[in-house]
Amino acid sequence: MAAVRKFARFTEKAKILSKCYYASQNGIAGSFCTMVQQPQKIRSLMKFSLIGVATGTVIGAGYAYYKISEDRKNIALEGTQKETVLLKHKPPVTPSRKVVFPVDSTGLKLTLYQYQTCPFCCKVRVFLDYYGISYDVVEVDPVLRKEIGWSSYKKVPILLTKVEEGYQPLNDSTMIISLLASYLHDTSYKIEDLANYYPSIAMHDEHGKFKYEIINKYFLMFNKQLPKNRSMNDITEERNWRKWVDEVFVHTLSPNVYRTFNESYKTFNWFSDVGKWEEYFPTWERLLIVNVGATAMWLIGKRLKKRHRLKDDVRQSLYDEANHWLRAIKVRGTTFMGGNKPNLSDLAMYGVLKSIEGCDAFQDLLTHTKISVWYDAIKEQVDTHSGSANLSR
C-alpha cells in the first residue's frame, strides 16, 4: 500500500511538470518567459507608483506652501481695516424694478442688489418699506451673480447710495439698517461719514477662520442724543434681540424650508414665482437655479441642521424659537418688542419670516404657534409705511 501511495504522488507531480513543460512549444523557453514577465509587471507597477507618489508630493507641497503663505498673509492682515471704495460712476446694471413711495421725504437715492427671498435682503426691504423710503431693485442671479461683478463683496444685500462724490456701497444687512437708522435720527450726518463708524476689520473667528467683520454693526450712532422716550435699556434690549434674530432664529429657516427634497423643490419654485425669475432671467438660467439650487440646498440643509444643533424634528426647533420670541413680548405686555410701535428687532424678525412666507414651514408655524397675531400686526405697520410719520420733513 505504501508503494501504491508513493506511485500516486509521483504521478501527480508528473502531471504538474507536464503542464508546466507544455505551456509553450518549448518548455525551457516557456519557463524562461514566465520568469521574465513577472519582474516586468512589477517594474511597471513600481514606476506608476513612484510617479503617483511624486505627483502627490508635488501637489501636497504646493498646497501646503499656498496654505502657509495664506496664513502668513492673514496673520499680517489681522486687525487691519478693509477700505470701501467709493464708486465714481454707477454700475451699468439696469434695475429690475423701482419701488416708489409718495411719503418719501428723505431725498435718498438707493439701489438694492438682492435675492428676493434672501432673509437678509428681506430685512433691508422691510426697513425701507416701513419708513416709506423709495429704492431701486436689482435682482441678482444667485448662480452667476454677474449683476454684482463690480463689487469685491460677493454677497447680498448690497445697498448702493448716491452721495456727493459718487456712490457709496453698503454691505451687510445689519450694518445697512444701523447706518440708515442713524441717518434718519440725525440727517445732518452724511451717509459716507456714517460709514466710517462701521469699519470692516480683518480677524480670525473662534474657529480660527479668517474673515472681515464689520465692527459696531448692531450699534446706532446717536451722537450722545438719545431718541425721545427711549432709555439705554430699551436700546440695549433692541440690539440684543436683533443679534438673536441673526445668530439664532434665522438658522432655523433653511433646514425647515429644505427639509425634504420635495419641500426644497417647492421652495425654489416659489422663489422663482415671487422673484419673477421668468421675467428677469433666461429660461435655461431659471431652470438651472431651480433644479441645481433645490438639490444643493436639500443636502446643505442637513448639514446646517447638525451645525446649529437643531432637533431631529426641525419644525420643533422653529416653533421653540418663535415661542421664545412671543414669550418675551408677552412679558412686556405690548403688541411689539418695541412697545406699541415696532423697533428694529421687530422689523428684523418680520423680515426673515417674510422670506419663507410661501413655504410649507411658514404655514406650519402659523398653525402650531400664535405668531400670526404679531405677524399680522407688524405687516400692517410695514404695508402702511407707518414709520414715515416719525421722520422729520
Run the ring-centre check on [X] versus [Y] and record whether the distance is less than 6.0 Å.
X    : Y    : result
Y375 : Y350 : yes
Y130 : F127 : no
W150 : Y113 : yes

[X] and [Y] ion-paired at < 4.0 Å:
X    : Y    : value
D383 : K379 : yes
E357 : K354 : yes
E164 : K190 : yes

Please tell me if the side chains of [X] and [Y] come closer than 4.5 Å, counting only heavy atoms from C-beta onward.
X    : Y    : value
N171 : K155 : no
D234 : N343 : no
Y280 : R286 : no
I378 : V126 : no
F101 : L128 : no

Next on the checklist: side-chain contact (heavy atoms from CB on, under 4.5 Å) for W325 and W241? Distances and angles first, verdict last.
Outcome noted: CA-CA 9 Å; W325 168 263; W241 279 109; 3.8 Å; yes
Checklist outcome for this item: Scanning both residues in full, the closest heavy-atom pair of D346 with G338 reads OD2-N, 2.9 Å
For [X], does the [atom1] atom sit with more than 12 other heavy atoms under 6.0 Å from it, leaving out its own atoms?
X    : atom1 : result
Y265 : OH    : no
E247 : CD    : yes
K98  : NZ    : no

Side chains of [X] and [Y]: donor-acceptor distance under 3.5 Å anywhere?
X    : Y    : result
N262 : T260 : no
N233 : E237 : no
Y218 : D246 : yes
Q168 : T161 : no

Checklist entry - T174 and side-chain hydrogen bond (donor to acceptor under 3.5 Å, both in side chains): which partner among K243, K123, K217, R242? => result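 By the side-chain hydrogen bond (donor to acceptor under 3.5 Å, both in side chains) criterion, T174 pairs with just one of K243, K123, K217, R242: K123.
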Next on the checklist: Any side-chain to backbone donor/acceptor pair from Y198 onto F219? Under 3.5 Å, distance only.
Outcome noted: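 Yes: the side chain of Y198 pairs with the backbone of F219.
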